[in-house]
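Only one structure is covered here, and it is reproduced in the block below.
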Amino acid sequence: MSASQEYFEEKEKIDFLFYRGFRVTRVTENLDGAAVEFERTGAAGQEKEVLHLQTADARKYFSSILFHQQRNLTPAE
Amino acid sequence: MADLRINLAGIESPNPYWLASAPPTNSGYQVQRAFEAGWGGAVWKTLGEPIINTTARFAAVGFNGKKVAGFNNIELITDRPLEVNLKEIYETKKRFPNHAIIASLMVEPNREKWHEIVKRVEDVGVDGLELNFGCPHGMAERGMGAASGQQPDLVEAQTMWVKEAAKTPVIVKLTPNITDITVTARAAVQGGADAISMINTINSLAGVDIDTWNTIPHVAGKGAHGGYCGPAVKPIALNMVAECARNPHINVPISGIGGISAWRDAVEFMLMGAGGVQVCTAAMHHGFSIVEDMIDGLSNYLDEKGISSVQEIIGKSVERYSDWGNLDLNYRIVARINNDVCINCNKCHIACEDTSHQCIDMLTDPNGQKYLEVREDDCVGCNLCSIVCPEDGAIDMIELPQEQPPMTWNERQAVLAGYKDNEREAAK
């Protein structure tokens with residue numbers, strides 16, 4: 001599989017979780033990439049998902065979303 | 001025509017081109033010929049206790065048909081008595097009062113010795129002094145040159161001793177044979193330097209003769225490390241100039257040295273913060289007359305840009321130079337092959353396939369013609385294909401619209417810190 005294909009697959013998973021209302025609660029970066037923990041509170045109670053992101057582009061992608069979410073929440077920006 | 005005059009720490013010259021302290025500035029005869037040719041200034045070959053040289057002294061490193069890609073020397077400072085040099089400096093300055101003559105100096109790290117040479121040299125009317133803390137060979141074995149230039153405390157102390165006696169501007173010439181040149185640059189500033197210059201030559205062995213097993217050059221079958229300069233060192237020198245120029249603690253003018261061979265090189269150094277440049281190897285390779293092209297080229301460049309004085313370009317690119325952590329991770333370029341221009345040599349394909357990211361496909365069109373195409377989604381924009389491509393215009397690096405707004409590594413790490421257990425704990 002090409003590098004871009006691997007990225008698109010990981011990106012799709014990230015987008016899907018955000019789409020379903022999950023938010024990132026914890027990030028663990030290690031030699032194998034990044035374990036990103038997502039949580040949401042829904043009708044079924046607290047739900048948790050973990051994505052193990054391996055591609056550089058996916059690790060960049062989710063952090064870009066977090067970075068810009070944070071920026072947009074900052075009134076001074 | 002643009003004004004090419006510069007004023008570097010109070011030293012004025014008709015253009016930014018100075019000959020560096022080296023064999024081309026060994027005598028009054030040479031410096032006067034250089035001034036006649038158009039050089040704006042000259043840093044006289046280093047004065048100190050006259051030495052004894054060896055033969056041979058020089059070696060060149062060629063590459064791909066270019067005879068002098070790099071240049072190595074084991075020549076030391078002046079071998080002529082100080083009195084002789086001073087007489088010629090006086091005569092040269094009298095004949096060329098508007099040209100800059102800077103005396104390069106090197107003595108033992110001793111206060112009285114520095115005071116003595118500074119007074120004697122200034123008495124003949126030099127425009128400035130350059131302290132040679134960079135010569136890497138021979139003199140360094142005697143505790144001078146790079147040996148003292150690698151120790152920040154000695155750089156600071158010796159600069160201070162010189163400043164105690166000097167009436168003219170003091171330039172400290174730094175060695176590149178050190179991990180972080182900003183450390184010694186700061187020491188020079190602390191010592192009171194009016195300017196710094198860089199780089200002196202880099203420790204080097206030009207080669208080994210694989211038939212005789214002698215070093216290149218060798219002296220009766222033995223060799224010793226020399227100092228490397230010429231076009232090959234330009235990127236190293238340019239980085240060191242830029243690192244000093246962007247350091248807020250190094251707030252003195254910089255004289256740029258290292259592989260400057262043409263006006264474009266001079267512009268690059270000045271954009272990166274140099275207030276003027278010094279040249280040696282190019283003059284040794286092609287003669288003093290190369291300065292004519294350097295002056296014309298610089299003048300035309302400034303005129304075309306609508307810039308009235310060369311001093312206006314000093315430091316204009318410095319703010320564009322930063323740490324890796326401040327680069328935008330979301331900026332994206334990709335390679336695009338122009339098949340109208342491409343000669344199908346396949347060098348880009350081979351380079352990408354063997355040593356990069358395997359994103360250039362060899363395809364065949366419906367007419368049976370072979371062509372190359374970049375899979376842009378897999379291209380990481382490394383530039384390698386365009387570097388190895390022998391045909392101008394066959395590969396363009398194209399900026400893509402950003403899918404995500406800008407974000408640097410430092411910004412990324414700052415935001416992720418809030419999501420990492422260990423860093424959250426540390427922040428409590």
Side-chain angles (χ1 to χ4, degrees), chain A residues 1-19 21-40 46 48-77, chain B residues 324-336 349 351-363 372-382 384-385 398 400-428:
Chain A
M1 194 188 332
S2 72
S4 61
Q5 196 52 47
E6 288 175 41
Y7 162 59
F8 290 136
E9 287 186 8
E10 292 189 330
K11 178 178 181 292
E12 203 169 72
K13 290 176 187 170
I14 295 167
D15 287 340
F16 188 55
L17 287 174
F18 278 128
Y19 173 76
F22 280 83
R23 62 184 183 84
V24 174
T25 54
R26 184 185 292 178
V27 177
T28 307
E29 294 193 297
N30 56 34
L31 292 173
D32 295 312
V36 184
E37 295 178 27
F38 293 78
E39 285 182 14
R40 75 169 177 181
Q46 193 84 346
K48 188 171 167 181
E49 297 276 352
V50 180
L51 291 182
H52 293 281
L53 303 177
Q54 293 185 311
T55 68
D57 281 341
R59 288 182 282 115
K60 183 168 70 178
Y61 178 68
F62 90 86
S63 53
S64 283
I65 293 172
L66 295 183
F67 174 66
H68 292 290
Q69 278 176 348
Q70 194 176 81
R71 279 202 130 184
N72 292 335
L73 289 174
T74 308
E77 291 293 322
Chain B
W324 191 95
N326 294 327
L327 306 181
D328 179 9
L329 296 172
N330 286 326
Y331 175 76
R332 192 151 177 250
I333 57 170
V334 294
R336 204 164 282 171
H349 169 79
C352 187
E353 201 68 12
D354 289 357
T355 64
S356 193
H357 285 74
Q358 301 82 49
C359 66
I360 299 179
D361 292 329
M362 296 174 76
L363 304 171
L372 296 158
E373 190 173 80
V374 176
R375 290 194 321 280
E376 292 188 1
D377 284 340
D378 286 318
C379 176
V380 300
C382 70
L384 180 63
C385 56
I398 306 290
L400 295 184
Q402 287 197 229
E403 290 173 2
Q404 293 286 326
M407 176 190 69
T408 69
W409 171 257
N410 290 339
E411 289 169 335
R412 177 186 191 271
Q413 295 313 97
V415 75
L416 286 196
Y419 294 89
K420 292 181 177 179
D421 283 346
N422 52 346
E423 293 178 38
R424 275 194 293 221
E425 287 303 313
K428 279 180 187 171

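What you see is a predicted model, and the numbers here were worked out from it, not measured in a lab. Chain letters run A, B, ... following the sequence lines, proteins first and then strands; every chain starts at 1.
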More than 12 heavy atoms of other groups within 6.0 Å of B/E403 CD: no
Indicate whether any N or O donor in one side chain lies under 3.5 Å from an N or O acceptor in the other, for B/D377 and A/S2. no
Is there any residue in residues 404-411 of chain B with a non-hydrogen atom under 4.5 Å from a non-hydrogen atom of chain A, and which ones are they? B/Q404, B/P405, B/P406, B/M407, B/E411
Considering all heavy atoms of both residues, which atom of B/Y419 and which atom of A/V24 are nearest to each other, and what is their separation? CE2-O, 3.2 Å
Could you report the tightest heavy-atom contact between B/V415 and A/L66, atom names first, then the distance? CG2-O, 4.0 Å
Side chain, backbone, both or neither: which part of A/S63 has an atom under 4.5 Å from a heavy atom of chain B? both
Around atom NZ of A/K60, are there more than 12 heavy atoms of other residues, nucleotides or ligands at under 6.0 Å? yes
Is it true that, when you exclude A/E12 itself, more than 12 heavy atoms of the residues, nucleotides or ligands shown sit nearer than 6.0 Å to its CD? no
So does B/Y331 have more than 12 non-hydrogen atoms from other groups sitting under 6.0 Å from OH? yes
By the side chain to side chain donor-acceptor pair (under 3.5 Å) test, which pairs, at least two apart or in different chains, include something from residues 353-362 of chain B? B/D361-B/R375
Is there side-chain contact between A/Y7 and B/D378, with heavy atoms separated by less than 4.5 Å? no
Straight-line distance of B/Q413 CD to A/F67 CZ, nearest 0.5 Å: 12.0 Å
To the nearest 0.5 Å, how far apart are CG in B/L329 and OH in A/Y61? 15.5 Å
